[in-house]
Number of protein chains: 2
Amino acid sequence: MSATNPGPALGRQGLQPKGVARRQEILDRAIDVFRERGAYGTSLRRIAEALGVSHAALLHYFDSREQLLVAVYAHAEAQRSAAETESHPGVDGMVHAAMANVEVPGLVELYSTLVAAALDGDDHVGTQFFSQRFERIRERLTAEFTADQEAGRIRDDVPASHLAALLIAASDGLQIQWLLEPSLSLESTLRTFATLLQPAAR
Amino acid sequence: MSATNPGPALGRQGLQPKGVARRQEILDRAIDVFRERGAYGTSLRRIAEALGVSHAALLHYFDSREQLLVAVYAHAEAQRSAAETESHPGVDGMVHAAMANVEVPGLVELYSTLVAAALDGDDHVGTQFFSQRFERIRERLTAEFTADQEAGRIRDDVPASHLAALLIAASDGLQIQWLLEPSLSLESTLRTFATLLQPAAR
DNA sequence: GTCTATACTTTGATAGAC
DNA sequence: GTCTATCAAAGTATAGAC
């Protein structure tokens with residue numbers, strides 16, 4: 001998971017600089033709530049209670065609960081991916097990100113919950129966010145894989161775009177499987193995917 | 001996704017044969033509700049309304065809403081996987097299953113929602129169900145891949161168990177990405193995974 | 001602009017009547 | 001076995017204090 005731009009529209013529009021700053025405070029604190037209690041029992045009132053404000057106050061900065069949750073996830077992702085993504089490109093970066101994700105309690109659960117909600121037919125906040133997020137990461141990985149193919153570092157008999165989508169899917173899916181069965185090695189299983197990309201030996 | 005045994009404990013215990021039959025009726029009808037409205041706005045009262053009963057009646061057969069939803073998913077999965085899985089083993093079976101899943105409105109959303117909830121720390125009904133489901137499918141695929149490796153049909157320089165977990169993860173993740181971006185080809189992308197498994201040519 | 005107070009609606013769940 | 005009644009919690013929306 002990575003992001004270079006948290007994107008706009010993840011909060012109520014037309015806020016003053018002071019309001020934007022306050023919104024950051026809310027997001028910072030809200031993340032802690034998820035670290036403590038997970039994503040399940042995290043109602044607006046719980047988050048508000050942890051912040052020492054009323055739940056209605058949160059809706060002054062976010063149009064809905066879902067918008068707040070998406071903003072929280074985007075904020076958490078942006079906090080790390082700045083340096084993380086660029087330092088470890090390709091498969092290696094995904095391995096590092098995946099391992100970092102599963103160590104933050106509630107983060108994968110939050111991600112999975114929001115993605116599931118984004119699949120709903122109606123237009124949710126999450127639908128646009130995660131569609132764009134998937135597309136952005138696919139494009140970045142496709143470019144990297146294409147370069148790898150041209151340099152002969154990985155096999156070139158498969159479309160780079162397919163490899164990009166597969167790697168994202170594998171990373172997301174393995175994080176879930178690992179949380180339900182920690183005995184399987186998230187790292188080595190993901191690295192096996194990298195092995196599959198090696199050019200036909202000999 | 002596959003299942004040979006829907007498993008027990010997906011409904012209130014100690015029901016009479018007549019009650020079990022009624023529970024099947026409820027599940028059959030509940031699936032239709034998901035086909036029509038998706039998983040999002042599917043409350044107990046909505047399902048009950050479609051059945052012509054009160055929401056409290058549903059809770060006579062299921063301990064909670066989540067238990068009902070898990071039973072609905074297990075029922076939907078069992079309906080098809082009986083013949084589906086055995087006729088198409090290995091990667092081919094997963095491709096068929098994935099393509100069938102995304103064509104049932106709300107099914108992937110229901111699956112993703114329940115899996116996300118199963119990640120919660122507290123013991124949910126879904127936690128046990130999906131843990132066992134993942135383990136069962138991983139074991140089946142691992143056995144198939146191991147046989148393929150011994151027969152020289154796929155490369156044997158990677159653990160079959162890793163390939164099993166990767167394939168499940170890729171299938172689950174790609175279904176989600178496809179629902180958010182139908183322009184990418186679910187089938188050919190998944191088949192690319194099969195290509196990666198081919199033994200080192202030449 | 002920021003926030004509290006308050007009320008409205010839906011929902012999951014329980015208890016007890018028939 | 002099913003219903004009605006009821007409850008607590010939650011998301012949402014509005015009015016108004018400061």
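In the text below, chain A, chain B and the rest are named by the order of the sequence lines, each starting its count at 1. Treat the numbers as computed from the prediction; the structure is a model and nothing was measured.
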Without decimals, in angstroms, what is the distance between [X] [atom1] and [N] [atom2]?
| X | N | atom1 | atom2 | result |
| --- | --- | --- | --- | --- |
| A:E66 | D:dA10 | CD | P | 18 Å |
| B:H60 | C:dC18 | NE2 | P | 19 Å |
| A:I47 | D:dA9 | CD1 | P | 17 Å |
| A:E25 | C:dT2 | CD | P | 11 Å |
| A:L59 | D:dA15 | CG | P | 16 Å |
| B:L69 | C:dT11 | CG | P | 13 Å |
| A:L58 | C:dT4 | CG | C1' | 13 Å |
| A:L51 | C:dC3 | CG | P | 10 Å |

Handout entry: Under-4.0 Å side-chain N/O to phosphate OP1/OP2 contact, A:Y61 with C:dC3
Key =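 Affirmative; the distance criterion is met.
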Tell me, do [X] and [Y] make a side-chain contact under 4.5 Å, heavy atoms counted?
| X | Y | value |
| --- | --- | --- |
| B:T113 | A:T113 | no |
| A:F62 | A:R23 | yes |
| A:H162 | B:R191 | no |

Considering every strand and a 4.0 Å limit on heavy-atom distances, what is the contact class for [X]: base, sugar-phosphate, or nothing?
| X | result |
| --- | --- |
| B:A57 | sugar-phosphate |
| B:R22 | sugar-phosphate |
| A:R65 | sugar-phosphate |
| B:L44 | sugar-phosphate |
| A:S54 | base |

Handout entry: Test of ring centre spacing under 6.0 Å for A:Y111 and A:F130
Key =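 They qualify: ring centres under 6.0 Å apart.
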Practice task
Return yes if the base of C:dA13 and the side-chain atoms of B:H55 contain a donor-acceptor N/O pair under 3.5 Å, otherwise no.
Solution key: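 In this structure, the two groups form a donor-acceptor pair.
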Exercise for the section: Find which nucleotide of DNA chain C each of A:A56 and B:R45 is nearest to by heavy atoms, and output the residue with the more 5' nucleotide. Expected result: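 First, find each residue's nearest nucleotide; the 5'-ward one identifies A:A56.
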Practice task
Could you pick out which residue, A:T42 or B:K18, lies toward the 5' side of DNA chain D when each is mapped onto its nearest nucleotide?
Solution key: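 Looking at the nearest nucleotide for each, B:K18 comes out on the 5' side.
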Exercise for the section: Name the residue closer to the 5' end of DNA chain D, choosing between A:D63 and A:R46 according to the nucleotide with the nearest heavy atom. Expected result: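 Its nearest nucleotide being more 5', the pick is A:R46.
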Practice task
Among the candidates C:dA13, D:dG1, D:dT12, find the nucleotide nearest to the side-chain atoms of B:Q16.
Solution key: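 Output: D:dG1.
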Practice task
For the side chain of A:S43, starting at C-beta, report the closest nucleotide among C:dG1, C:dA13, D:dA10.
Solution key: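 Comparing C:dG1, C:dA13, D:dA10 against the side chain of A:S43, the answer is D:dA10.
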Handout entry: Pair A:S131-A:E135, side-chain donor/acceptor within less than 3.5 Å
Key =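 No.
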